[in-house]
Protein chains: 4
Amino acid sequence: MSGLEAVRRAAVRLFAERGFAATGIRDIARAAGLNSATLYHYVGSKEDLLTGMLRESQEDLLRAGREAFAGSADPAVQLARMVRAHVATEAVNPLTSRVSDHEVHSLTGPGRAVIVGLRDDYESLFHKALARGARTGQFLITDLPVARYALIEMCNGVADWYRPDGRLSVAELQDRFSELACRMVGGRLVRRAECDPPVAITRLSWEPLTPAGPEQASA
Amino acid sequence: MSGLEAVRRAAVRLFAERGFAATGIRDIARAAGLNSATLYHYVGSKEDLLTGMLRESQEDLLRAGREAFAGSADPAVQLARMVRAHVATEAVNPLTSRVSDHEVHSLTGPGRAVIVGLRDDYESLFHKALARGARTGQFLITDLPVARYALIEMCNGVADWYRPDGRLSVAELQDRFSELACRMVGGRLVRRAECDPPVAITRLSWEPLTPAGPEQASA
Amino acid sequence: MSGLEAVRRAAVRLFAERGFAATGIRDIARAAGLNSATLYHYVGSKEDLLTGMLRESQEDLLRAGREAFAGSADPAVQLARMVRAHVATEAVNPLTSRVSDHEVHSLTGPGRAVIVGLRDDYESLFHKALARGARTGQFLITDLPVARYALIEMCNGVADWYRPDGRLSVAELQDRFSELACRMVGGRLVRRAECDPPVAITRLSWEPLTPAGPEQASA
Amino acid sequence: MSGLEAVRRAAVRLFAERGFAATGIRDIARAAGLNSATLYHYVGSKEDLLTGMLRESQEDLLRAGREAFAGSADPAVQLARMVRAHVATEAVNPLTSRVSDHEVHSLTGPGRAVIVGLRDDYESLFHKALARGARTGQFLITDLPVARYALIEMCNGVADWYRPDGRLSVAELQDRFSELACRMVGGRLVRRAECDPPVAITRLSWEPLTPAGPEQASA
DNA sequence: GATGAATGAGGATTCATTCAT
DNA sequence: GATGAATGAATCCTCATTCAT
């Protein structure tokens with residue numbers, strides 16, 4: 001594992017565990033097995049690290065969302081595919097996703113607008129699918145923005161509790177959430193096969209290899 | 001407004017906007033119109049402030065949840081009442097709720113276990129209603145823990161976007177979320193009247209009076 | 001016990017236990033059962049407290065030393081009487097004496113010179129007795145200043161270990177030290193009776209009533 | 001001189017002059033020619049500094065005491081050798097010794113017990129020599145603990161007044177104190193030659209190079 | 001007499017970052 | 001690539017002291 005990757009993974013883990021502001025540059029360096037001065041050979045600044053991380057994470061989510069959306073013309077399938085892609089992304093990159101969901105407010109520089117823009121683009125995909133489904137009568141949606149918020153928040157939550165070594169496989173997780181989402185908007189249940197080929201979700205190079213885990217002693 | 005209340009409200013606002021770790025004691029003091037040394041006249045420490053805030057918030061949510069649960073024997077009504085209480089709490093105390101949802105990890109002392117315990121108690125109320133509804137066949141729940149997580153996360157999200165001066169009244173918000181929740185678990189739609197008398201949700205003394213608002217300049 | 005006395009005793013105890021610089025005005029107030037603002041009705045400042053304490057203590061020691069010196073024309077008896085007076089003073093006012101011995105350097109104002117002057121006057125009494133005894137041949141003193149320092153330091157030490165409720169009464173303590181001092185300077189042993197009438201040693205109003213004792217819990 | 005040594009010497013000087021509690025970390029840094037943040041590169045904390053200093057000083061004194069004691073089987077020579085070693089240690093490391101004598105009470109952590117243990121071990125050496133001398137009849141000791149306290153206090157005092165550039169050489173100082181000590185316990189006078197080879201006393205790396213001196217202005 | 005509230009200065013310590021080696 | 005040393009600014013918090021009530 002290269003130095004840069006070690007830094008990124010250490011940063012993601014710590015930002016996820018303690019939050020950006022509560023994490024020191026020395027903590028990251030120590031967790032990456034580097035001297036804190038050496039860390040600056042790989043990274044411009046602490047905020048650069050966060051910016052890069054959020055951008056890559058958000059871009060990946062947006063890409064997955066677009067693929068999911070483009071995979072069908074049926075709003076029900078579009079929604080199911082997007083939810084499946086979203087929860088899989090959160091499940092495969094739980095720590096990065098957690099930071100992505102919680103630390104946007106820590107960005108101060110110009111990078112912030114970029115991230116917010118990406119998130120808005122992503123949310124508009126949900127809007128489009130929900131709006132069309134509502135228009136065609138496939139969905140029963142009393143309030144479109146509320147439904148959209150609820151759907152996305154529900155999916156975001158996955159990063160907070162899902163454990164890869166737990167009871168549920170990613171595919172099962174996707175099935176469960178697909179069902180919940182379809183029911184929530186009053187749509188028909190979309191079977192897993194209808195969503196094939198699934199959107200490919202890959203682990204980000206930022207995501208730490210070992211899951212959360214308490215206190216990885218170094219000595 | 002007393003000094004203590006001013007401190008608490010300032011702290012909630014800043015913790016909600018920037019996060020606990022990124023908020024300085026001087027920032028809080030300035031926002032409360034006090035010298036930072038004076039602040040310590042009212043409060044033991046920065047962490048005490050957070051602990052007290054999370055406890056009061058979590059206790060209030062638990063109380064509301066219990067009242068909601070106790071108001072009916074029908075799982076569908078129980079769920080609807082709990083969701084209504086939860087979103088109303090988030091809508092009436094958006095900033096406090098935001099902090100409550102995001103800053104548990106910032107607690108280090110013994111207070112942490114207390115807060116986590118309260119949250120667990122709260123979640124068990126949802127578990128009970130969902131489990132019974134599933135047993136009686138009123139709900140269609142493939143995976144109970146997943147449904148519980150999804151429901152609660154969806155409700156928590158409210159604090160992140162709801163604006164009291166926006167399009168939706170609290171009552172309308174409750175109607176929307178009640179509908180989404182009922183559909184999500186495959187239950188019948190519960191009308192507002194069935195939830196009467198509603199659980200009373202009051203503004204916490206910690207909640208700032210003016211809503212979020214960007215950068216209340218003081219000078 | 002008046003408020004002023006309570007403050008003085010609390011201050012002496014804390015200065016003796018933790019040192020002047022490490023003792024806060026609030027600590028003193030709490031130990032005296034007062035609000036820290038109320039304390040300022042009795043005392044001008046923290047340093048005033050120390051100054052007054054050192055002066056009263058040093059004046060008392062000087063008075064005792066003078067009485068001891070004046071009680072006889074025989075250098076041996078003079079020395080014995082002075083040593084007896086000194087150790088009795090330390091034994092009867094152990095905490096005040098301890099502060100007196102250790103905290104002169106904490107004085108910054110003009111009071112410092114006064115205290116140092118008193119101490120010099122006191123030391124000159126020893127010098128006079130030793131010098132005359134050496135001249136008359138009653139004492140065998142190779143180095144007068146060294147002997148004087150050694151004698152006084154030896155006596156000062158009493159405050160650090162003597163316990164009124166211990167094995168030794170004050171009179172026995174005096175006997176022991178008188179013997180040590182006489183031997184040290186090569187003089188004849190002076191019996192207790194030769195030192196009558198003894199110098200009266202009274203407890204200072206500053207000296208706490210209960211001995212040192214660890215952690216006098218207040219609640 | 002290395003940075004660490006500079007910090008140590010500056011700390012010793014200031015602790016000796018003003019006391020531990022009255023010395024600021026910034027004062028130490030300034031006296032060492034460092035920024036106060038840089039100081040933390042060398043030292044863990046202010047208390048660590050004191051702990052290390054007291055331990056090294058006390059260990060050195062104990063080592064010297066043991067060598068002195070082991071150098072002879074005659075209690076009189078043992079006592080003379082120990083007194084000579086003690087006063088030489090105080091004379092060669094006056095500032096470190098002063099802190100060592102006065103600041104044990106400033107220790108709060110677990111290091112305190114260690115220091116107190118070392119001091120107890122040291123005192124027991126005196127006890128052994130005095131006890132045996134009393135048993136053999138070489139010493140006339142009415143009260144053994146009192147004699148031990150008096151001896152040690154008398155020696156400790158040296159750090160408070162001895163000046164290396166003064167009237168007395170270290171060897172002369174040793175001669176004077178040896179004489180005083182022998183007389184004090186009613187023993188025979190032990191000549192310097194009987195104490196050969198003398199215990200080697202070396203300057204601690206903590207001891208400032210220039211003597212006390214008032215206010216070494218840096219600018 | 002007594003006290004809650006207030007404050008500027010300063011306490012020890014950690015911060016992100018730089019740079020010569 | 002790597003690091004020990006360095007630093008100004010900032011961290012949370014405590015200080016002795018004052019004053020209106």
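Nothing here was measured: the structure is a model prediction, and the numbers come from that model. Below, chain A is the first sequence line, B the second, and so on; all start at residue 1.
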Subject >> Listed partners of B:Glu56 passing side chain to side chain contact (heavy atoms under 4.5 Å, CB included), at least two apart >> reply: B:Ser205, B:Trp206

**OP:** Using a 4.5 Å cut-off on heavy atoms from C-beta on, say whether the side chain of B:Leu49 contacts that of B:Met53.
**Re:** no

Subject >> Residues that D:Arg8 engages under side-chain hydrogen bond (donor to acceptor under 3.5 Å, both in side chains), provided they are two or more places apart >> reply: none

Subject >> Any donor-acceptor pair under 3.5 Å from A:Glu103 side chain to A:Leu50 backbone >> reply: no

Subject >> Residues touching DNA chain E, which here means a heavy atom under 4.0 Å, drawn from residues 102-113 of chain D >> reply: none

**OP:** Could you tell me which residues satisfy side chain to side chain contact (heavy atoms under 4.5 Å, CB included) with C:Glu59, sequence neighbours excluded, listed by chain and number?
**Re:** C:Arg55, C:Leu118

Original post:
Does A:His41 or C:Leu34 map to a spot on DNA chain E nearer the 5' end, using the closest nucleotide for each?
Top reply: C:Leu34

Pairs: protein N or O with nucleotides 9-12 of chain F N or O, under 3.5 Å:
from, atom 1, to, atom 2, distance (Å)
F:dA10, N6, D:Arg26, NH2, 3.4
F:dC12, OP1, B:Thr23, O, 3.2
F:dC12, OP1, B:Ile25, N, 3.4
F:dC12, OP1, B:Lys46, NZ, 3.2
F:dC12, OP2, B:Ile25, N, 3.2

Atom pairs and distances, side-chain donor-acceptor, residues 33-41 of chain A, under 3.5 Å, sequence neighbours left out:
from, atom 1, to, atom 2, distance (Å)
A:Asn35, OD1, A:Ala37, N, 2.7

**OP:** Output all residues satisfying side-chain hydrogen bond (donor to acceptor under 3.5 Å, both in side chains) with A:Ser97, sequence neighbours left out; order by chain, then residue number.
**Re:** none

Subject >> Which residues share a side chain to side chain contact (heavy atoms under 4.5 Å, CB included) with B:Ser100, sequence neighbours left out >> reply: B:Leu54, B:Ser57, B:Gln58

Original post:
Under the 3.5 angstrom rule, does the side chain of D:Glu207 hit a backbone N or O of D:Leu95 as a donor-acceptor pair?
Top reply: yes

**OP:** Identify the 5'-most and 3'-most nucleotides of DNA chain E with at least one atom closer than 4.0 Å to a non-hydrogen atom of chain D.
**Re:** E:dA12 to E:dT14

Subject >> Residue met sooner reading DNA chain F from 5', once C:Glu47 and D:Thr38 are mapped to nucleotides >> reply: D:Thr38

**OP:** Output all residues satisfying side chain to side chain contact (heavy atoms under 4.5 Å, CB included) with A:Thr23, sequence neighbours left out; order by chain, then residue number.
**Re:** A:Leu14, A:Phe15, A:Arg18, A:Asp27, A:Ile28

Original post:
Does any N or O in the side chain of D:Arg203 come within less than 3.5 Å of the main-chain N or O of D:Pro208, such that one atom is a donor and the other an acceptor?
Top reply: yes

**OP:** Using the C1' atom as the reference point in each nucleotide, state the distance between E:dG1 and F:dT21 in Å, no decimals.
**Re:** 13 Å

**OP:** Would you mind reporting whether A:His102 and A:Phe20 have side-chain heavy atoms less than 4.5 Å apart?
**Re:** no

Original post:
Which stems does DNA chain F form, counting runs of 3 or more consecutive Watson-Crick or G-U wobble pairs with both distances under 3.5 Å?
Top reply: E:2-21 with F:2-21

Original post:
side-chain hydrogen bond (donor to acceptor under 3.5 Å, both in side chains) with B:Ser2: which residues, sequence neighbours excluded?
Top reply: none

